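Source: prediction; values computed, not measured.
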Amino acid sequence: AGTSTIYFASSGLTFTPGTNVTYYNISSSGTTTLAGNAVVTNTLSIEGGTFSTSGSNHTVTTNDFSQSAGTFSANASVVKISGDFTHSAGTFTAGTSTLVLNGTSQTITGATTFYNLSKFITAADTLTFTHTTTYTIDSGGTARFMGQREALLSIQSSSAGTAFTLTKTGGIVAEYVSLKDSTVSSATSAVASTDVSGNTNWTFTREFVSKIRGSGGDYTTLSGWESAVQADLTVSTTKVFAHGGITGTIADNTAVTGA
């Protein structure tokens, strides 16, 4: 493909991607229907007309996604984006699709309604939403933001101190995230996560992880647990202890078993 661009500007076009063929840029301003899975290594641009993944729900894989006009119909497809998602104008019709964000330091720009939206990471990363912009998770769909215990997913606004908004008629699952300047339309839990600042309607639970002694300790009392882990266990926290064979009960009547 080199650095070439394929333009679809006519009506009634069917695009059949070649097997094991990648495309650098695809630009569509006509009426285009996919007849196979498409892989775009730079930018898929929707500049007018209608671009549809078809009723066969073909997968679209691209670096950047850019829509400035027209309609993008995702149907029930999987759309994988490793770069940035930009929706400045036109209609993004999510259907029952899944938008997978699988790159690093990604940005989502422009008010958009998604069905399923997911970002899973294995190394610390940042996802940025445009400030003062509302993003919607449609009824029946779910947004999943999943970091790791030692590698949080930082979710932030593009302008410090000015929030973006997530409106959920569907669901939101967030674990091991660090949130800053985010408003969610109704009460939502961020599990084992960090409240940096500027967040509204989020409830944060923290995770406590500690290795403790395998023998020689009294683990039947709160003070015994606190002595072993050197922490105040009366605060609101998730308690996880990494030591096989150790059991006990702490003050809030939570039974604890070493992992």
Side-chain angles (χ1 to χ4, degrees), residues 44 46 62 64-74 77-121 124-148 151-206:
L44 171 62
I46 311 303
T62 184
D64 292 329
F65 176 93
S66 175
Q67 182 176 5
S68 58
T71 298
F72 180 84
S73 294
S77 294
V78 175
V79 180
K80 301 177 182 180
I81 298 175
S82 58
D84 295 329
F85 176 95
T86 303
H87 177 205
S88 58
T91 302
F92 183 91
T93 304
T96 56
S97 65
T98 298
L99 185 73
V100 178
L101 301 169
N102 58 7
T104 58
S105 300
Q106 292 180 275
T107 298
I108 300 181
T109 302
T112 307
T113 296
F114 301 100
Y115 187 74
N116 292 320
L117 174 66
S118 68
K119 185 168 178 67
F120 291 70
I121 64 169
D125 196 17
T126 300
L127 176 62
T128 302
F129 291 84
T130 306
H131 69 288
T132 70
T133 300
T134 297
Y135 304 86
T136 300
I137 307 304
D138 209 357
S139 177
T142 304
R144 290 179 171 85
F145 304 114
M146 309 295 286
Q148 299 286 331
L152 295 183
L153 171 59
S154 296
I155 301 175
Q156 64 183 19
S157 166
S158 60
S159 179
T162 305
F164 68 92
T165 298
L166 289 171
T167 296
K168 60 170 192 175
T169 53
I172 296 177
V173 178
E175 296 183 10
Y176 297 109
V177 300
S178 172
L179 281 166
K180 187 175 188 299
D181 300 321
S182 169
T183 295
V184 66
S185 60
S186 59
T188 302
S189 178
V191 178
S193 296
T194 301
D195 180 4
V196 179
S197 63
N199 299 303
T200 303
N201 286 337
W202 288 97
T203 299
F204 293 85
T205 64
R206 299 295 301 275

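Shown here are the ring-ring contact (aromatic ring centres under 6.0 Å, His included) partners of Y135, two or more places apart in sequence or in another chain: F129. Partners of D125 under the salt bridge (Lys or Arg N to Asp or Glu O under 4.0 Å) rule, at least two apart in sequence or in another chain, are K119.
At least one side-chain heavy atom of V78 sits under 4.5 Å from a side-chain heavy atom of V100. You'll find the side chain of S154 stays beyond 4.5 Å of the side chain of K180, heavy atoms only. A 4.5 Å side-chain heavy-atom check between V177 and W202 finds every atom pair outside the cut-off. Inter-residue side-chain proximity for F204 and N199 is flagged as met; some heavy-atom pair is nearer than 4.5 Å. By the 4.5 Å heavy-atom criterion applied to side chains, N201 and T188 are not counted as neighbours. D181 has its side chain out of reach of H131: every pair of non-hydrogen atoms, C-beta onward, lies at least 4.5 Å apart. Using a 4.5 Å cut-off on side-chain heavy atoms (C-beta onward), F120 and L153 make no contact. Inter-residue side-chain proximity for T128 and F164 is flagged as unmet; no heavy-atom pair is nearer than 4.5 Å.
Among all heavy-atom pairs drawn from T107 and D84, the shortest one is N-OD1, 2.9 Å. Taking every heavy atom of both residues into account, N116 and T142 meet most closely at OD1-N, 3.0 Å. S139 and T169 get closest at one heavy-atom pair: N-OG1, 2.9 Å.
A donor-acceptor pair is defined here as one N or O able to donate and one able to accept, closer than 3.5 Å; no such pair exists between the side chain of S66 and the backbone of H87. Formation of a donor-acceptor pair under 3.5 Å by the D138 side chain with backbone atoms of A94 is not found in this model. Counting only distance, with no hydrogens or angles, the side chain of S185 and the backbone of K168 share a donor-acceptor pair below 3.5 Å. Panel note: side chain Q106, backbone G83; a donor-acceptor pair is recorded below 3.5 Å.
Between F92 and F85, the ring planes lie perpendicular to each other; the angle is over 60°, past the 30° to 60° tilted range.
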- Derivation of the side chain to side chain contact (heavy atoms under 4.5 Å, CB included) call for L99 and F65: CA-CA 11 Å; L99 185 73; F65 176 93; over 6 Å; no
- Evaluation steps, side chain to side chain contact (heavy atoms under 4.5 Å, CB included), between F145 and L179: CA-CA 11 Å; F145 304 114; L179 281 166; over 6 Å; no
